[in-house]
Amino acid sequence: MTLEICFAKDKLNARKIWMLRASNLQLQSDTEIVAVDPTENFIRYYHFLEKEFSRFLIEDSLCSVPSMMDGLKTTQRKVLFAAMEGLKGKKRVDEFAGDVVNKTVYKHGSSHMEGTIIGMAQTFVGSNNVNLLHPTGQFGSRYEGGKDHSTAYYLYVELNDITKFIFRDDDKDLLEFLEEDGKLVQPKWYLPVVPMSLVNGTTGIGSGGGSNIPNHHMNDVINALFKLLRGPAIAEDRNSISLKPGYRGFKGRVEKSTDNERGIKCTIYGCATEISDTVVEINEIPPGKTIVEYRSFLQSLMPDACNRSESSKMKYPTIECFQELHEDENNLRFKISLDKSNMMFARKRGLLEAFNLVRKMSVETLYLLDEIQELRQFDNAEETLTTFFDMRLPYYAARKAKLLERMSNDMIRIDNTILYLEAMDKGEIKQMNRKKLVAKFTEKGYKAIPNDGDSGFDHLINLSCDERDIECLPNLVAEREGLHQRMEEMQKARDIDLWIKDLEELQQKLAEEGVEPQKRKVERTSASSASDKRTRFGP
DNA sequence: CCTACTGCTAC
DNA sequence: CGAAGTAGCAGTAGG
DNA sequence: GGATGACGAT
DNA sequence: CGGGGATCGTCATCC
């Protein structure tokens with residue numbers, strides 16, 4: 001029975017339920033997850049399945065399926081953690097991978113870590129819409145869907161500027177950092193200001209469910225959040241939200257089709273232009289399809305193509321020849337010559353259909369849930385967004401409280417320092433030892449700052465000689481004034497105001513950077529074998 | 001004393 | 001799991 | 001209409 | 001610098 005639940009292809013649903021129960025059991029109690037019974041010299045297979053194996057399936061899903069909070073898989077989160085905490089400037093990818101492995105107790109081969117890092121820095125159409133890491137070197141292209149990247153040794157990454165606008169430093173105190181092998185590692189999840197699972201999409205195959213989310217333009221996602229945040233009533237506005245997939249740098253069209261009986265489907269169209277009676281130019285192909293794949297498709301339409309199937313002859317025209325005149329990988333140009341009758345045929349079918357430039361895909365998703373990391377299914381991008389919204393909003397209240405607390409402590413610090421300086425100036429307090437100072441501060445009614453040393457007065461005791469100077473007084477007064485104002489503003493701000501501000505700043509940053517990745521020419525590395533492969537175009 | 005070659009490391 | 005190449009150096013055999 | 005392969009972290 | 005194998009679930013595409 002259990003055996004079937006674990007492995008049978010047609011018992012998927014039972015497997016899902018079984019895994020949920022297992023993960024609840026394992027998380028609630030400290031149940032031993034090892035099936036070894038010391039009184040026996042064998043292991044019962046159903047004990048093994050209930051313990052180690054169910055654990056394995058859960059871990060497997062944790063690795064493969066992203067969290068709905070930050071859209072990251074565990075390994076990607078490790079990379080982001082290491083990048084935000086310790087990556088200064090450019091670093092060779094193989095070196096950086098080593099750093100991540102050490103810093104975050106990654107228990108697998110560092111070559112796999114390199115792959116994850118490379119994936120997070122890719123920018124070609126169809127990869128990331130917003131790459132969290134900035135690439136230098138050949139990270140792969142549309143020619144081979146990113147597989148044509150150089151070896152990690154020849155690649156460099158640094159933290160992308162925009163990343164800090166998505167993952168705010170102000171939220172750091174709200175994160176729950178995990179512990180592995182006694183080391184503090186990456187958090188359970190990050191708290192991005194937009195649902196990154198939608199922005200960069202994912203495909204991942206877990207046990208009991210997989211996840212397959214297309215990319216969405218970050219601006220679309222931001223605007224959808226604005227709709228919720230700025231609208232008159234959040235509850236009413238959520239029905240008016242509509243999202244469709246989008247790929248940065250993609251020139252074709254993306255349409256959401258509602259005609260399908262099984263869920264929502266999405267259709268992506270490339271671009272084709274009729275130049276003359278006998279010439280067609282293809283300027284864009286759907287993301288997910290590589291240039292190499294498309295080239296071999298065109299080759300299969302040539303008269304001398306061997307074993308061309310009957311169905312292919314029905315669907316596609318026969319072409320005389322084609323040339324590849326791409327300016328770069330973002331400006332494609334396949335020039336196709338065909339005779340008039342085949343052109344007629346193509347026209348009749350529609351150029352896009354006739355040249356295999358239409359790609360359909362379903363829009364369905366599976367995620368990890370919040371508190372207990374359970375697989376949870378979402379029906380569509382809109383539901384993903386609103387669920388993210390509901391989960392994320394409370395953290396803004398928490399952030400506000402943290403910031404206010406920090407500010408009020410800062411205020412005490414400034415007040416105390418002013419009092420202290422004045423008291424010293426008047427000779428009320430003289431140089432004395434720590435104990436006596438603390439007693440004096442308490443006697444004079446200074447407020448202690450929680451966790452500021454044992455006494456709560458370390459901020460005064462540890463003042464440097466320069467800071468102790470009465471000349472600092474005007475500066476401190478000015479500082480107090482500024483802080484006072486900022487505190488008032490913060491107190492007045494609603495939670496959603498904080499979020500709106502984050503989004504506005506992000507949107508501005510996006511506008512500054514948005515153009516850049518598309519203009520950037522592909523950089524080549526002399527040692528890359530990929531660059532050699534790419535120089536040969538056409539038939 | 002110079003040359004040709006080997007073995008070795010680090011890439 | 002496997003393979004290839006390079007430069008630069010020291011040491012050595014041979015002429 | 002059923003088989004097949006691609007996706008990505010391991 | 002290169003190659004191969006496997007799982008897991010979904011879905012588009014192939015014949």
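Scope of the values below: all heavy atoms of this structure, side chains included, with no hydrogens, waters or symmetry mates. A, B, ... follow the sequence lines: proteins, then strands. Residue 1 opens every chain.
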Could you check whether [X] gets within reach of a base, just the sugar-phosphate, or nothing at all, counting any heavy atom under 4.0 Å?
| X | value |
| --- | --- |
| A/Gly206 | sugar-phosphate |
| A/Thr74 | nothing |
| A/His112 | base |
| A/Leu12 | sugar-phosphate |

What is the distance, rounded to the nearest whole Å, between atom [atom1] of [X] and atom [atom2] of [N]?
| X | N | atom1 | atom2 | value |
| --- | --- | --- | --- | --- |
| A/Leu62 | E/dC8 | CG | P | 17 Å |
| A/Lys107 | D/dT10 | NZ | P | 12 Å |
| A/His149 | E/dG2 | NE2 | C1' | 13 Å |
| A/Asp94 | E/dC1 | CG | P | 11 Å |
| A/Lys78 | D/dT10 | NZ | C1' | 13 Å |
| A/Phe56 | D/dT10 | CZ | P | 11 Å |
| A/Met113 | D/dG8 | CE | P | 17 Å |
| A/Tyr153 | C/dG5 | OH | C1' | 15 Å |

For residues 127-143 of chain A, which residue pairs pass the salt bridge (Lys or Arg N to Asp or Glu O under 4.0 Å) check, not counting sequence neighbours? A/Arg142-A/Glu284
What does the list of N/O pairs under 3.5 Å between the protein and nucleotides 11-15 of chain E look like, with a distance for each?
residue	atom	partner	partner atom	Å
E/dC11	OP1	A/Ser362	OG	3.3
E/dA12	OP1	A/Lys265	NZ	3.3
E/dA12	OP1	A/Ser362	N	2.8
E/dA12	OP2	A/Lys265	NZ	3.0

Under the side-chain contact (heavy atoms from CB on, under 4.5 Å) test, residues paired with [X] that sit two or more places apart:
| X | result |
| --- | --- |
| A/Ala83 | A/Leu87, A/Phe96, A/Leu133, A/Leu159 |
| A/Asp339 | A/Glu320, A/Ser341, A/Asn342 |
| A/Leu184 | A/Phe177 |

A/Lys183 with A/Glu179: basic N within carboxylate O range, under 4.0 Å: no
Test: A/Lys91 and A/Asp99 ion pair at under 4.0 Å: yes
Could you check whether A/Tyr247 and A/His217 have their ring centres less than 6.0 Å apart? no
May I ask you to check whether A/Tyr190 and A/Phe81 place their ring centres under 6.0 Å from each other? no
Please check if atom NZ in A/Lys90 has more than 12 non-hydrogen atoms from other residues, nucleotides or ligands closer than 6.0 Å. no
May I ask you to list the residues of residues 176-185 of chain A, by number, that have any heavy atom positioned under 4.0 Å from an atom of DNA chain E? none
With sequence neighbours left out, write down each residue that passes salt bridge (Lys or Arg N to Asp or Glu O under 4.0 Å) with A/Lys11, or none if nothing qualifies. A/Glu4
Considering residues at least two apart in sequence or located in another chain, which fulfil the salt bridge (Lys or Arg N to Asp or Glu O under 4.0 Å) criterion with A/Glu293? none
Tell me which donor-acceptor pairs under 3.5 Å the side chains of residues 191-210 of chain A have, and how far apart each pair is, sequence neighbours excluded?
residue	atom	partner	partner atom	Å
A/Ser197	OG	A/Tyr367	OH	2.8
A/Asn200	OD1	A/Asn129	N	2.8
A/Asn200	OD1	A/Val130	N	2.9
A/Asn200	ND2	A/Val130	O	2.9
A/Ser207	OG	A/Asp60	OD2	2.6

If you restrict it to nitrogen or oxygen atoms, what contacts under 3.5 Å exist between nucleotides 4-7 of chain D and the protein, and what is each distance?
residue	atom	partner	partner atom	Å
D/dC7	OP2	A/Lys147	NZ	3.1

Dump the pairs, protein N or O against N or O of nucleotides 4-7 of chain E, anything under 3.5 Å, distances to one decimal.
none

For DNA chain C, the dot-bracket notation using Watson-Crick and G-U wobble pairs below 3.5 Å, [ ] for pseudoknot-type crossings and | for other-strand pairs, is ||..|||||||||||
Distance between P atoms of D/dG5 and E/dG4 (Å, rounded): 14 Å
Is the Lys NZ or Arg CZ of A/Arg92 less than 6.0 Å from the centre of A/Tyr153's six-membered ring, within 45° of the axis? yes
